[in-house]
> 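Can you keep this structure in mind? I'll have questions shortly.
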Number of protein chains: 2
Amino acid sequence: MLKYQQIADEIEHYIEERELQQGHKLPVLEEWIARFEASKSTLTKALELLERKGVIFQVRGSGIFVRRHKRKGYISLTSNQGFKKDLEDFKLSSKVLELDVRKPTREAASNLNVSVDDDVYYVKRIRYIFEQTLCLEESYFNKSIVTYLNREIAEDSVFQYVKEGLGLKVGFSDQYMHVNKLNVEEANYLGLKKDDPKFVMESIFYLTNGQPFDFSRVTYNYIQSQFFIQAGE
Amino acid sequence: MLKYQQIADEIEHYIEERELQQGHKLPVLEEWIARFEASKSTLTKALELLERKGVIFQVRGSGIFVRRHKRKGYISLTSNQGFKKDLEDFKLSSKVLELDVRKPTREAASNLNVSVDDDVYYVKRIRYIFEQTLCLEESYFNKSIVTYLNREIAEDSVFQYVKEGLGLKVGFSDQYMHVNKLNVEEANYLGLKKDDPKFVMESIFYLTNGQPFDFSRVTYNYIQSQFFIQAGE
DNA sequence: TTCAATAATTGTAACGGTATAATTTTATAA
DNA sequence: TTATAAAATTATACCGTTACAATTATTGAA
């Protein structure tokens, strides 16, 4: 594991362990350098990582301070990877409705940068949180990259499989969001009524080399849809 | 202006000028170093900035590539500052409905970290895009920080005034989002119907030193509400 | 030609240093 | 005591270097 990553983790752990609150001043840079026996730049990098993650904020001439958001149960939009991480503590489960190899829709083909004649894996599933329906998800995977998939994998985490099972490296993603009204089918799946609000997130996930491998559309139950971002400048 | 900022801007400009598309390979690191007569670390920092901004992606051993998202008209959630920046090209305007000094609600006081007896500026306004209602916005400003405000400022950009007029430095923000149904009043303002969907964003903006100075709740017209994020790992 | 081994390319990690800008503390003067 | 100037603290900008990992290009054998 990278040194600056390791250090960042340890500092975050330091904060959690002591339950330090918003605004609490942490030891100064030089102290961390001494503590971890690393260079200034390595520590700067670790701290910058934590800053972007929303764990701390730094003030030049003043110090390093704890940053904390108050509200619980919100899904983070910045640290992606199928929110698996943010809701770790919560009871998440999935039911796979469909899983097959097929030809992509024009839209999916365009987003995955493949032809409509190429094969893709199609997965449709419902995700539950605390026994309640969280969202309805349709995904298309480029089959020439994600060469194999089954129900068992889809019930757990496709991303974990892609990374660990297939050894692929996920790089970045584009995420488009909008709000609209549910149609009958969606309402049935989510246990809501037609024309109730829906929050839709369309995502395209890319490997580190820039190849898109997953296009998915997630329709959220508006009652469970609470998101947050901790933004910088 | 910072050198790495300047360089980042110029590289971005280089891409726009040539209308380079997704996946286009840019000159290698060493070339940029020579071109800008800067150190490797400075260029690395500039490129890292562009990477986070979603303008490029870098592949070790391979090169630097252009990143572009296809869809237009989406509001970016990562580069904050009241979306002024992202919709710059679009015709945005505001109508101020209310502006006064008052005592904050308990909720606002809590988010601004002040007492319910302290004074805050309250601003309520509607924002239009292409003559259409984009959102309804209610803001509370900590009056001991934002010492003065008037309708003229509120009709333009409060943030610009805070930064340039008052010389304050905006640091970061927490943004909470959820979806729900419009009530009668909101529906009237937005030209929609009761129980139509709404997208609500509650934001707390902080100065660089960590002081919260603005708490605002923005209720979006769901028809105009299209957002995007370009996320990294 | 095909495939595997090797070399070259290219971005990233990590070191360490000097200078500087923002903030806080201390000292000084009124 | 209060305000002001100076000094100390502290994070950040920027420089430059070595080592390394991932990818791509080249070579050479079968």
Side-chain angles (χ1 to χ4, degrees), chain A residues 1-11 23-52 55-67 145 163 167-172 206-211 232-233, chain B residues 1-11 23-52 55-67 145 163 167-172 206-211 232-233:
Chain A
M1 192 190 209
L2 297 176
K3 194 166 183 177
Y4 74 90
Q5 258 287 2
Q6 175 68 33
I7 290 175
D9 287 352
E10 289 191 36
I11 295 176
H24 182 99
K25 184 170 181 186
L26 294 171
V28 300
L29 187 56
E30 291 293 344
E31 273 187 60
W32 291 117
I33 292 171
R35 186 179 305 214
F36 290 111
E37 295 177 329
S39 72
K40 186 189 282 193
S41 10
T42 302
L43 250 123
T44 302
K45 206 161 181 184
L47 291 168
E48 199 188 315
L49 200 69
L50 290 175
E51 195 157 31
R52 254 184 294 146
V55 175
I56 60 164
F57 64 93
Q58 301 187 78
V59 185
R60 191 205 294 239
S62 184
I64 306 162
F65 303 88
V66 173
R67 185 173 169 196
I145 298 174
K163 287 192 281 189
L168 298 171
K169 270 165 276 178
V170 180
F172 50 91
Y206 300 82
L207 299 179
T208 45
N209 67 7
Q211 279 186 68
E233 241 309 71
Chain B
M1 193 188 210
L2 297 176
K3 194 166 183 179
Y4 74 90
Q5 258 287 3
Q6 175 68 34
I7 291 175
D9 287 352
E10 289 191 36
I11 295 176
H24 182 98
K25 184 172 179 182
L26 295 170
V28 300
L29 186 56
E30 290 294 344
E31 272 187 60
W32 291 117
I33 291 172
R35 186 180 304 213
F36 291 111
E37 295 176 330
S39 72
K40 186 188 276 197
S41 4
T42 301
L43 250 122
T44 302
K45 204 161 182 184
L47 292 168
E48 199 189 314
L49 201 69
L50 291 175
E51 195 158 31
R52 255 184 293 148
V55 174
I56 59 165
F57 64 93
Q58 301 187 77
V59 186
R60 184 199 299 231
S62 182
I64 305 163
F65 303 88
V66 173
R67 185 172 168 196
I145 298 174
K163 285 192 283 191
L168 298 172
K169 272 164 274 178
V170 180
F172 50 91
Y206 299 83
L207 301 178
T208 45
N209 67 8
Q211 279 184 70
E233 243 308 68

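We name chains A, B, ... by the order of the sequence lines, and we start the count at 1 in each one. It should be emphasised that the depicted structure is a prediction, and the values quoted were computed from it without experimental measurement.
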> Specify the residue among A:Lys169 and B:Tyr4 whose closest nucleotide of DNA chain D lies further upstream toward the 5′ end.
B:Tyr4
> Expressed as a whole number of angstroms, how long is the span from A:Phe36:CZ to C:dA14:P?
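So the two atoms are 13 Å apart, to the nearest Å.
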> Closer to the 5' end of DNA chain C via nearest nucleotide, is it B:Gly63 or B:Thr208?
B:Gly63
> Scan nucleotides 15-21 of chain D against the protein and return all N/O pairs shorter than 3.5 Å with their distances rounded to 0.1 Å.
from: D:dC15; atom 1: OP1; to: B:Lys3; atom 2: NZ; distance (Å): 2.6
from: D:dC15; atom 1: OP2; to: B:Ser39; atom 2: N; distance (Å): 3.1
from: D:dC15; atom 1: OP2; to: B:Ser39; atom 2: OG; distance (Å): 3.1
from: D:dC15; atom 1: OP2; to: B:Thr42; atom 2: OG1; distance (Å): 2.3
from: D:dC15; atom 1: N4; to: B:Ser41; atom 2: OG; distance (Å): 3.4
from: D:dG16; atom 1: N7; to: B:Ser41; atom 2: OG; distance (Å): 3.3
from: D:dA21; atom 1: O4'; to: B:Arg60; atom 2: NH1; distance (Å): 2.9

> List the atom of A:Val59, the atom of B:Thr208, and the distance in Å for their closest heavy-atom pair.
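Smallest heavy-atom distance, with atoms named: CG2-O, 3.4 Å.
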> With A:Phe65, which residues qualify under ring pair (Phe, Tyr, Trp, His ring centres under 6.0 Å), at least two apart?
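Scan of A:Phe65 (ring pair (Phe, Tyr, Trp, His ring centres under 6.0 Å), adjacent residues dropped) gives A:Phe57.
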> Tell me the interatomic distance from A:Gln6, atom CD, to C:dA14, atom P, rounded to whole angstroms.
11 Å
> Figure out the CG/P separation between A:Leu2 and C:dC15, and round it to whole Å.
12 Å
> Where along residues 26-34 of chain B does a heavy atom come under 4.0 Å from DNA chain C, residue by residue in number order?
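Close to the strand are B:Val28, B:Leu29.
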> Any side-chain N or O of B:Ser62 under 4.0 Å from OP1/OP2 of C:dT10?
no
> Can you list the residues that meet the ring pair (Phe, Tyr, Trp, His ring centres under 6.0 Å) rule with A:Phe36, with sequence neighbours excluded?
A:Trp32
> If you look at every heavy atom in B:Thr42 and B:Lys3, which pair is closest and at what distance?
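Scanning both residues completely, I find the closest heavy atoms to be CG2-CG, 4.4 Å.
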> Expressed as a whole number of angstroms, how long is the span from B:Leu49:CG to D:dT12:P?
14 Å
> Taking only N and O in the side chain of A:Gln58, is any of them less than 4.0 Å away from OP1 or OP2 of D:dT12?
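For D:dT12, OP1 or OP2 has a side-chain N or O of A:Gln58 closer than 4.0 Å.
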> Let me confirm one number: the CD1-CD1 distance from A:Ile64 to A:Ile56, rounded to the nearest 0.5 Å.
6.0 Å
> Treating A:Glu51 as the side-chain partner and A:Gln58 as the backbone partner, does any N or O pair qualify as donor plus acceptor under 3.5 Å?
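Yes, A:Glu51 side chain to A:Gln58 backbone: donor-acceptor pair under 3.5 Å.
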> Applying side-chain contact (heavy atoms from CB on, under 4.5 Å), can you list everything that pairs with B:Ser41, at least two apart in sequence or on another chain?
B:Ser39
> Atom CZ of A:Phe57 to atom C1' of C:dT23: distance rounded to whole Å?
13 Å
> Measure from CD1 on A:Ile64 to P on D:dT10 and round the result to the nearest Å.
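To the nearest whole Å, that distance equals 10 Å.
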> Measure from CG on A:Leu168 to P on D:dA22 and round the result to the nearest Å.
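A:Leu168 atom CG is separated from D:dA22 atom P by 14 Å.
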> Checking the side chain of A:Lys25 only, and the main-chain atoms of A:Ser62 only, is there a donor and an acceptor separated by less than 3.5 Å?
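Pair found, side chain donor or acceptor close to backbone of A:Ser62.
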> When the distance from CG of A:Leu207 to P of D:dT23 is rounded to whole Å, what number comes out?
10 Å
> Within the 4.0 Å heavy-atom criterion, would you say B:Leu47 contacts the bases, only the backbone, or no part of the nucleic acid?
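If one applies the 4.0 Å heavy-atom cut-off, B:Leu47 turns out to touch nothing in the nucleic acid.
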> Taking only residues two or more places apart in sequence, or in another chain, which ones meet A:Tyr206 in a side chain to side chain donor-acceptor pair (under 3.5 Å)?
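Here the qualifying residues are A:Asp174.
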